[in-house]
Amino acid sequence: MTFLKKDSAGRFCRLLMWAMILCLAALCASDAFAARKRRPPKKKIASKKGVVSKAAFQARVRRAVKRQCVRPGRLGLYIRSVSTAQTLYSHNAARKRIPASNVKLFTAAAALAHLGPDYRFATDFYVKDKVRGGVLRGDLYLKGYGDPLFVHEKMRDFVRRLKLRGVRRIEGDLVADDTFFDEKKHGRGWRVGRSIRPYLAPHGALSLNFGLANVLVAPGDRVGGPARANLEPSSRALRLWAKVKTSRGKHPKIWLGRRRSKGKDLVQVGGSFPVRSRMRTYRVPVTDPTAFTAGAVAAEFERQGIALKGRIRRAVTPPDAKLLARNLSPPLGEVVSGLNKFSNNFVAEQVLKTMGAEAHGAPGTAEKGLRVVRDFLLSTGVLAKEIALADGSGLSRMNRASPRALAVLLEAAHNDFRLRPEFMASLAVFGVDGTVKKRRRRGVDSRRVRVKTGVLNGVRAFSGYAAARNGEIIAFSILMNGNACRPKSLTGEVVRAMVALNRNFSNPVNAHLRGAREIMARPMPKPSIRDGWRRRSSPRPDPAEEDDFEELGPGIVPIAESPLDDSPDDSPAEKSAEAAPVEGSGAWSSKSGPGGRSRE
C-alpha cells in the first residue's frame, strides 16, 4: 500500500510540472505574437509599381551601399540616365581607382571608332619567285598583322588555300615576319614571372591560338596504366613531356609546367586522370608566339603533303614580294564581342597595338595604341585627370580610371549610332552569357542588363547599361578597391534598383519614354526554362566546362589556379627525369615504360 501511494504522488508531480511548462510556453508565444503585431511596419521604398521617383531610387541605392560595404570610402559608384541626361546617383565618382578589366571598354570603343566595325586583320603568304610546276624555288614569307582570332582551324584552311594555288614543294625557307608589332610580349605592369596562367599569354603580330598550346589528356585503357596526352596544334617549336597515370578517382589531379629546352618550349604534364572521365583540354601559354606559329605552319605543311626543304627563320618581308594567299579575320565588330563578353586579355592587347600601328605607323606599340585611346576618350567628354592607362586589357594594376569616366564613355557610345550596335552587343547579358552567365538566371531582369566585369586581387569592377521599367536606359559604373564591399550582393541590389525604376515624366522632351513601359513589359524567354530539355537529354558537363572566370582569356584551365591572383607563380618542377620528351606532333600511344611513356 505504501508503495502504491508513493507512485501515485510521483505521477501527480510530473503531470503538474508538464502542465506548468506548457502554460509558460503558451504565455511566451502569445506575448511574442502581440509584440510582433505592435511592431511598426517597415518603411517601403519601392512599391509594386517599382521605384517611382529619383529620391526613392537614391534612398534604395544608399541603403544598399550602407548594408553591403565595410569600407565605403574605397567604393566608387556613378549612375546616370542616358535617356534624360540626368545623374541619378554619385558616390566618389570622380576619384580614380583600379578598373581591372573595365579598361577593355575603353579599348573596344576606341577601336570601333578608329578602325571601324568592318575592319579585318590579315595574315599573308608572300613570295619573290613564281611557282612553277608546283615548286617554289625561293623563300615563302609568312607575315602577321595582329589577327587575334587566328586559330589552328583557320591556319589549316590557310595552308590548304596555299596548296590550291599549286604549291607542292618549297625549296627555300619559311620566313616569319612579326614586325607589324614591337617585340614586347606583355603589358606594362604585368606580373608574369614564370607563370603559366592562360590569361598571361604573350601577344605578337604573328600569333596562333591566342598564344596558347592545348594539352589534351584522356584516360588510358586500364587503371594504373598511362593516360593519353598530346599537344594541339602540333608545332616544331614545342615538345611534350608527359607522365599521367589512369586512376580510379572521380576528379583529375593534373599539374602543368613549361620550360625552355634546346631552343623549344618543353610542356610538362603529370598527375593522375580518372578512368571514367572524358577528355579534357589544358592550356599553356607559349614563350615565343612567332616561333610557335611558324612551327605550326611547318607541321601543317608536312600533314598536307607540302615539302619544306629549308628551315624556319625570322626576317622582314621584302617590299617587292608579291601576295600569294591571304587569310582575313572576322570583322572587328565580332572580335570585340569576344573581347568584352569573355574578357579576353590577349584580344585586347592585339587590338590596342593594331590601333597604334594603323594610326602612327608600324611597329605597333602599346604606347601608340594608348595615345589613340586617350584621344578618343577626351573627344567623348572624359576628363584627362580621371584616366591613367597602362595597357589595353586592364590586367596591369597601374591602370586608373574613375566611375564617372566609364559612365561618360558608355553614354557617348550609346549616343553614337555608328558604334552603339556593335558596342552594346559586345557586353555580357546578365544571366545569359559571358562572365555573368550564372548571375540571376531566373530573374525577370536578366536580359535588361548588359555589363562588363573586372576582377583582380582586392578589386571588383562592374559597368554597363540597364533598362529601367519605364524604358529609361541607364549607364552605370561600380568600382570596388581594397575589398570595399561584398561585390555580388552590392551589384545585385543596385541592378534590382535600376531595373525597378518606374518614374513618370511630364516633360514633353521625354514623351518618347511613355510607350516604353509596354515594350519593356513584353515577356522574354528564360534560358533556364527554354534550355531545360537540353540539359536533361545531354551528359552532365565537367565542372571545368561550367566555370566562367573572366581572366582566363579564351579558355578555362581546370586546375587549381585562381584567376583572381595576378602575382607570378613558378611553374611546377619535373616529377621524373626518366620520362623522355617527345615532339608535339607525335601520335597518341598506349605504350608505357617504367618511368613514363613514349610516343611514336
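In what follows, every heavy atom counts, from backbone to side chain, and hydrogens, waters and symmetry copies are set aside. Computed from a predicted structure; not experimentally measured.
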Does [X] reach the side chain of [Y], with side-chain heavy atoms less than 4.5 Å apart?
X      : Y      : value
Leu105 : Phe423 : yes
Leu339 : Val335 : no
Val408 : Leu383 : no
Ser207 : Phe346 : yes
Asp118 : Leu332 : no
Val451 : Leu427 : no

Centroid-centroid under 6.0 Å between Tyr145 and Phe121 rings: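 No.
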Output a table of donor-acceptor pairs, distance under 3.5 Å, between side-chain atoms of residues 73-82 and any protein atom two or more places apart or on a different chain; print 'none' if there are none.
from	atom 1	to	atom 2	distance (Å)
Tyr78	OH	Thr87	OG1	2.9
Arg80	NE	Glu411	OE1	2.8
Arg80	NE	Glu411	OE2	3.4
Arg80	NH1	Thr87	OG1	3.0
Arg80	NH2	Ala85	O	3.2
Ser81	OG	Thr84	N	3.2
Ser81	OG	Thr84	OG1	2.8
Ser81	OG	Glu472	OE1	2.6

For Arg62, all residues meeting salt bridge (Lys or Arg N to Asp or Glu O under 4.0 Å), sequence neighbours excluded: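 Arg62 satisfies salt bridge (Lys or Arg N to Asp or Glu O under 4.0 Å) with no other residue.
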Enclosure of Arg420 CZ (heavy-atom neighbours >12, cutoff 6.0 Å):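 Correct, the count exceeds 12.
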Lys54 atom NZ, neighbour heavy-atom count above 12 within 6.0 Å: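 Count over threshold, so yes.
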Asp391 and Ser396: side chain donor to acceptor below 3.5 Å: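 Result is no, nothing qualifies.
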Smallest separation among heavy atoms of Val436 and Ala428, with atom names: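 Looking at all heavy atoms of both residues, the shortest contact is CG2-CB, 3.6 Å.
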Atom of Pro252, atom of Tyr282 and distance for their closest heavy-atom approach: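 Closest pair (atom of Pro252, atom of Tyr282, distance): CB-OH, 3.7 Å.
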Main-chain N/O of Arg371 paired to His360 side chain as donor or acceptor, under 3.5 Å: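 No; judged by distance alone, with no hydrogens or angles, the pair does not exist.
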Results of side-chain contact (heavy atoms from CB on, under 4.5 Å) for Leu370 - residues two or more places apart only: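 Leu352, Leu389.
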Short N-O contact, Lys184 and Asp182, less than 4.0 angstrom: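 Salt bridge flag = no for Asp182 with Lys184.
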Qualifying residue for side-chain hydrogen bond (donor to acceptor under 3.5 Å, both in side chains) with Lys104, from Ser426, Ser343, Ser393: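 When side-chain hydrogen bond (donor to acceptor under 3.5 Å, both in side chains) is applied between Lys104 and each of Ser426, Ser343, Ser393, only Ser343 qualifies.
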